[in-house]
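Scroll down for the structure; my scribbles are underneath it.
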Amino acid sequence: MVAIVSMALVACGASVDEYKKFASAGKDYATALDSLLVSSGGIFVNANSEVLLQSDSQIIALDSKRFISENQIADEWLVLIGRMRKHTNLLKRYFLTLESLASSTAPEEARKASEGIFISLESISASIQGSSIVSKSLGNALSTIPQIILSEQIKGALRSELQQRKNTIYRELLLQGFVLKLLTSQLRTDLGIIQNSRDTRNIYAPYISGNPISNKDAWVDQRRDVRTLTLSIEAIDSANKASEEFQKAFELLLEDKFTVSRANAFLAEVDSLLKLAEGIKKSN
């Protein structure tokens, strides 16, 4: 996604320093989002396993049915995460072709590349919207597209491409933000399940067992890891804020209205997203 920033800055004549700043933030955003998606899969499976342990009835028929059901729930989330990673990567690649359209000496080649990527992007987007997790709550979430008036500074093949696809691209950013809200909502719930279950099993139970804790250092480390999961839960909103800032950045950059204060807000949210991704990774 770095190139959405660099493309607009090249077209609008922004300074080299601004280009570097936004390019770095865009790269970090894409990296952090992918890391968060990967880590989310581990969290969903771990929480799913905790639910199975809590509901173990020792009745074979009942437990077998529950095991199959919980596996299906976990698999639905894992499939959705895989599709979202592809979606994120395709968006990043598409924006790179837009940068080429802005600066390339071979715009026709860049246009063909953008066409191929865009076809794949639309395909993965349709599969994401078709997921049962997404489709049941999507509603008209993708229908509110702002009227983006391209800056007159954007010329040639780039202008033609953006004029044709800017609304669709904004819709893909809305989809990304919508699914991210679903993911982070489930993350909040699942981190709570993991924290409570591990606290009861690994921390509380040994402490009240009536026997000395055999490995005190390990117990201290486990307790720290369990208690600090709360920090990740509280930081989850930063992912949604970063996504919202990115959507607004796309709109304002193309209109040549991106201000220093908006840039700083975006960079702050990207930094929070990076920290969240790292925190979630450690909790797996």
Side-chain angles (χ1 to χ4, degrees), residues 1-14 19 22-31 33-34 37 79-131 134-135 138 140-180 243 245-258:
M1 298 186 182
V2 56
I4 188 172
V5 178
S6 61
M7 168 275 297
L9 289 170
V10 168
C12 297
Y19 167 80
F22 288 124
S24 177
K27 190 180 299 181
D28 287 346
Y29 177 80
T31 300
L33 182 56
D34 188 71
L37 289 169
V79 168
L80 178 58
I81 287 169
R83 291 172 181 171
M84 279 294 292
R85 293 188 70 197
K86 291 179 181 178
H87 188 267
T88 300
N89 183 57
L90 284 167
L91 272 176
K92 182 169 67 174
R93 288 174 56 199
Y94 179 72
F95 292 141
L96 282 169
T97 67
L98 292 184
E99 182 183 21
S100 297
L101 284 170
S103 57
S104 176
T105 57
E108 183 60 23
E109 183 178 335
R111 189 196 63 76
K112 289 180 179 179
S114 71
E115 179 71 25
I117 294 170
F118 198 83
I119 291 172
S120 297
L121 182 61
E122 287 187 313
S123 176
I124 197 67
S125 174
S127 68
I128 289 171
Q129 294 178 57
S131 164
V134 176
S135 62
L138 185 60
N140 61 355
L142 308 184
S143 61
T144 308
I145 307 295
Q147 185 178 5
I148 302 175
I149 310 238
L150 292 180
S151 168
E152 291 301 323
Q153 299 298 320
I154 301 175
K155 306 290 186 182
L158 175 62
R159 184 177 190 85
S160 177
E161 175 74 14
L162 289 173
Q163 200 67 55
Q164 178 184 357
R165 304 200 200 277
K166 59 183 173 64
N167 287 347
T168 306
I169 289 299
Y170 193 90
R171 190 175 292 111
E172 295 304 324
L173 294 177
L174 285 179
L175 175 63
Q176 188 180 75
F178 178 83
V179 177
L180 193 56
S243 174
E245 284 293 336
F246 197 77
Q247 292 168 24
K248 193 62 179 177
F250 177 62
E251 177 183 353
L252 294 181
L253 281 167
L254 297 187
E255 294 178 347
D256 199 14
K257 296 178 181 178
F258 204 85

Seminar exercise, completed: Between the OG atom in S243 and the CG atom in L180, the distance rounded to the nearest 0.5 Å is 5.5 Å
Problem set entry | Sidechain-backbone polar pair: K166 side chain, I148 backbone, donor-acceptor under 3.5 Å | yes
Exercise. How about L90 and H87: do any of their side-chain heavy atoms sit closer than 4.5 Å?
Worked result: no
Exercise. So how far is it from K86 NZ to M84 CE, rounded to the nearest 0.5 Å?
Worked result: 13.5 Å
For this session: Under the side chain to side chain donor-acceptor pair (under 3.5 Å) rule, collect the residues that match up with S125, sequence neighbours excluded.
Result: Q129, E172
Exercise. Rounded to the nearest 0.5 Å, what separation is found between the OG atom of S127 and the CG atom of L80?
Worked result: 9.0 Å
Exercise. For the atom pair OG1 (T168) and CG (L162), what is the distance rounded to the nearest 0.5 Å?
Worked result: 11.5 Å
Exercise. What pair of heavy atoms forms the shortest contact from T144 to Y170, and how long is it?
Worked result: O-CE2, 4.2 Å
Exercise. Listed by chain and number, what are the side chain to side chain donor-acceptor pair (under 3.5 Å) partners of R165, not counting sequence neighbours?
Worked result: E115, E161
Problem set entry | Intermediate values then yes/no, side chain to side chain contact (heavy atoms under 4.5 Å, CB included), L174 and I145 | CA-CA 9 Å; L174 285 179; I145 307 295; 3.7 Å; yes
Seminar exercise, completed: d(L173 CG, F178 CZ) to nearest 0.5 Å is 15.5 Å
For this session: Output the distance between atom CG (L121) and atom OH (Y94), rounded to the nearest 0.5 Å.
Result: 8.5 Å
For this session: Would you please name every residue forming a salt bridge (Lys or Arg N to Asp or Glu O under 4.0 Å) with E251, sequence neighbours left out?
Result: K248
